[in-house]
Amino acid sequence: MGRELEYFFYPRSVAVFGSFREGAIAREILRNIVEGGFEGEVVPVNPRGGQVEVAGRTFEIVRKLERSVDVAIIAVPAKVVPSLIDEIGPLVRGAVVISAGFSEVGNRELERELVEKAKKHGIRLIGPNCAGIFGVHGKFFGSFEVRVRKGGLALISQSGAFGGAALAMGNEEGIGFSAFVSYGNAADLNESDFLEYFADDPNTRVIALYIEGVKDGRRFLRALRYASVRKPVIVLKAGKSASGARAAASHTGSLSGSYEIYRAAFRQAGAIEVREMEELFDAAKAFEMHPKAGRRVVVITNSGGPGVLAADKLEELGLEMAGLSVETVEKLRSFLPPQCSVKNPIDLIADADYTRYRRTIETVCRDDNVDAILVICVPPIFVPSGEVARAVIEADCGKPIVVNFMAGELVRDGLELLEKDGIKNFPTPERAARALLWLSLR
C-alpha cells in the first residue's frame, strides 16, 4: 500500500539546497549524508556556487540543479521555497522542506503556494518546518540530527526537536532504527502516509509515532489500523491536557482535539499507547526482541528485593505471576540449594552462577503455565555479570525472556554480551515488568 514513498528512504541521488558556510543547516545535513556512508550521488546547490569540504571530501556547489535526483532537501528562506520548487519541479521526485516560517507562524498563504507548486509537478513534500529524514538501511541520513545504528524501529515524529532527542536517547538505550521522519507542518505527506509506508517496509519491525494532533481523523484511523495489523505501533500523544493541547496547536498548527477521542482511536486500531518517552523506548526494545508474549510471567532473581518489586509491578499492570506446576517445583528443588525460594518469584540467592541461572531458566521454560520469563541479576562482586548473561543467552528456551541487570559498572560486561546477542536490558525491575505488558497487548 505505502511502498511508493521508498525513494525518500532509499534514494539513489539527493540534492541539498541552502548555505554551505560553517554552521549552516544545509552544510550539517550534507556532512551527515557523507559521514553516514551514503553511496548515491550528492549534489550541493547554491546560486553563489563555489566549493564545500565535508568529511574529507570536496564538492563543487552547483549554481542550479540541472540533473534529475530522487530527493531534494531544502534549507533556504521560506519565502523563496515555492519558486525553488517550481524551478526544480521536473527534476525531483520528493522534497524535504526543512525551512520554517510557514503555517506554524500564521503564514498559511505561503504554505498553500508551496503545496500548489509541488502538486503542479507531481512532487511529494515532507515538511515544511521539519528536521529531515533518515533511511538507515539505505545509509541515508538526510537530517541534521544525530545518526543512529541500524535496526528495526521506524520513528515518525511531528516535532523535529522531539525526534532529535528521541534519536539521541535511542542511541543511549541501544535501540536500532530502520528510519526516522520528522514531518513538521504536514502540508502534504503526513503521519498516515508514513504509517502505511512503514507497515510495508521490510526493514521495519516496530513503528513509533509521536503526534500532537492530526488533520484527518478518519484517514489516520484507517492508516493506524492498517499498520497495527502488520506490526506493533507504539503511540506517544502530546497535548493530553488543556494547556498541552493549546501548546500543540501553536507549535505545528495542528488540531490536537480531545485526548479521549484519540485514546479510543488508538484502542480501536490496535495501537499501543505509551505515556512518556522512556516507555516508548522500553516498548520499542521489547518488540525488537519479541513479537508478543502471554500474560503469565515467572520472575527469576538472585536478590529478593528486586524480585518483589517486579512481582508488585506485574500484578499492578494486570499481568499474572505464573503458578508453577508440581513437577517444575520438584525439578527446581532437585538442583537448587535449600535456601533458595522455588515459589514465584524464584530467588536463586546472591551466589547464583551460570549453571544455577541456566538450569532454572530451562526448567521453568518447559512449564506450560509459563508464558514469559523476567530474569533479574544484581551481581555480587564475586560473580561476574558476564556469567549470568551467558546463561541467559545459552539457555534452551523458546519463550520470551526480558532481563533486568543492575547496575552500573557491576553489569557492564554482562550488558555487552547481551547486546551482542540482540538482548536489550531494562535498567529497573519495574521497566522490565512494563516491557512484558507491552508484549502482552499484541
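Computed from heavy atoms alone, side chains included, the values below leave out hydrogens, waters and symmetry copies. Since this is a predicted model, take the numbers as computed values, not measurements.
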Is [X] close enough and on-axis enough to [Y], meaning under 6.0 Å and within 45°, for cation-pi?
X      : Y      : result
Lys285 : Phe426 : yes
Arg222 : Phe220 : no
Lys139 : Phe38  : no

### Message
Is it the case that atom NZ in Lys399 sees more than 12 heavy atoms from other parts of the structure closer than 6.0 Å?
### Response
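More than 12 within 6.0 Å, yes.
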
### Message
I'd like to know whether CZ of Arg12 has more than 12 heavy-atom contacts from other residues, nucleotides or ligands below 6.0 angstrom.
### Response
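Result for CZ/Arg12: open.
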
Would the distance check show the side chain of [X] and the main-chain N or O of [Y] forming a donor-acceptor pair, the cut-off being under 3.5 Å?
X      : Y      : value
Arg27  : Phe20  : yes
Arg412 : Gly408 : no
Asp421 : Leu418 : no
Ser103 : Gly106 : no
Asp70  : Pro11  : no
Glu145 : Gly163 : no
Lys117 : Val81  : no
Asn185 : Asn129 : no
Ser83  : Val80  : yes
His290 : Leu439 : no

### Message
Are Phe8 and Phe140, when compared by the centres of their aromatic rings, separated by less than 6.0 Å?
### Response
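No, the ring of Phe8 stays outside the 6.0 Å limit from the ring of Phe140, centre to centre.
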
Working to the nearest 0.5 angstrom, can you tell me the gap between [X] [atom1] and [Y] [atom2]?
X      : Y      : atom1 : atom2 : result
Arg230 : Leu195 : CZ    : CG    : 12.0 Å
Leu84  : Asp86  : CG    : CG    : 9.5 Å
Gln268 : Ile261 : CD    : CD1   : 12.0 Å
Ser143 : Ile133 : OG    : CD1   : 9.0 Å
Lys231 : Arg442 : NZ    : CZ    : 10.5 Å
Ile423 : Glu419 : CD1   : CD    : 10.0 Å

If we only count heavy atoms from C-beta on, is the [X] to [Y] side-chain gap below 4.5 Å?
X      : Y      : answer
Val14  : Val42  : yes
Asp216 : Ser192 : no
Ile207 : Ile156 : yes
Ile74  : Ser99  : yes
Pro380 : Asn302 : yes

Salt-bridge test for [X] and [Y]: reply yes if a basic N is under 4.0 Å from a carboxylate O, no otherwise.
X      : Y      : value
Asp282 : Arg434 : no
Glu116 : Lys119 : no
Glu212 : Lys237 : no
Arg108 : Glu111 : no
Glu196 : Arg219 : yes
Glu109 : Arg112 : yes
Arg431 : Glu173 : yes

### Task
Quick one: do Arg67 and Glu41 satisfy salt bridge (charged side-chain N to carboxylate O under 4.0 Å, His left out)? Show the steps, please.
CA-CA 11 Å; Arg67 65 192 90 175; Glu41 186 185 15; 2.5 Å; yes

### Residues in ring pair (Phe, Tyr, Trp, His ring centres under 6.0 Å) contact with Tyr354, at least two apart in sequence or another chain
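Listed in chain order: nothing, the list is empty.
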
### Message
Between Leu30 and Val52, is the side-chain contact (heavy atoms from CB on, under 4.5 Å) condition met? List the steps.
### Response
CA-CA 10 Å; Leu30 180 66; Val52 57; 3.7 Å; yes

How close do [X] and [Y] get, counting heavy atoms only, and between which atoms?
X      : Y      : value
Cys365 : Gly398 : SG-N, 3.7 Å
Ala26  : Ser19  : CB-O, 3.3 Å
Leu153 : Ile175 : CD2-CG2, 3.7 Å
Thr204 : Ser178 : OG1-OG, 2.8 Å
Cys130 : Val96  : SG-CG1, 3.9 Å
Leu417 : Gly386 : CD1-O, 3.5 Å

Answer yes if the side chains of [X] and [Y] hold a donor-acceptor pair under 3.5 Å, and no otherwise.
X      : Y      : answer
Tyr183 : Glu191 : yes
Thr58  : Gln51  : no
Ser385 : Asp413 : no
Arg295 : Ser440 : yes
Asn46  : Arg63  : no
Tyr10  : Asn203 : yes

### Criterion side-chain contact (heavy atoms from CB on, under 4.5 Å) on Val16 and Val45, from CA distance to verdict
CA-CA 6 Å; Val16 182; Val45 188; over 6 Å; no

#### Entry: Derivation and outcome, side-chain contact (heavy atoms from CB on, under 4.5 Å), residues Ile29 and Ile98
CA-CA 10 Å; Ile29 293 170; Ile98 308 291; 4.0 Å; yes

### Query
Passes salt bridge (charged side-chain N to carboxylate O under 4.0 Å, His left out), Arg390 versus Glu387? Steps please.
CA-CA 5 Å; Arg390 275 195 313 108; Glu387 226 183 275; 5.9 Å; no

### Task
In sequence, state the C-alpha distance, the side-chain angles, and the governing distance for Val181 and Phe198, and then conclude on side-chain contact (heavy atoms from CB on, under 4.5 Å).
CA-CA 11 Å; Val181 54; Phe198 291 123; 4.0 Å; yes

### Query
Are Phe180 and Phe141 close enough, and set up right, to give a ring-ring contact (aromatic ring centres under 6.0 Å, His included), and what steps lead you there?
CA-CA 9 Å; Phe180 161 65; Phe141 293 94; over 10 Å; no

### Query
Are Arg124 and Glu4 close enough, and set up right, to give a salt bridge (charged side-chain N to carboxylate O under 4.0 Å, His left out), and what steps lead you there?
CA-CA 10 Å; Arg124 299 313 306 263; Glu4 67 271 11; 5.7 Å; no

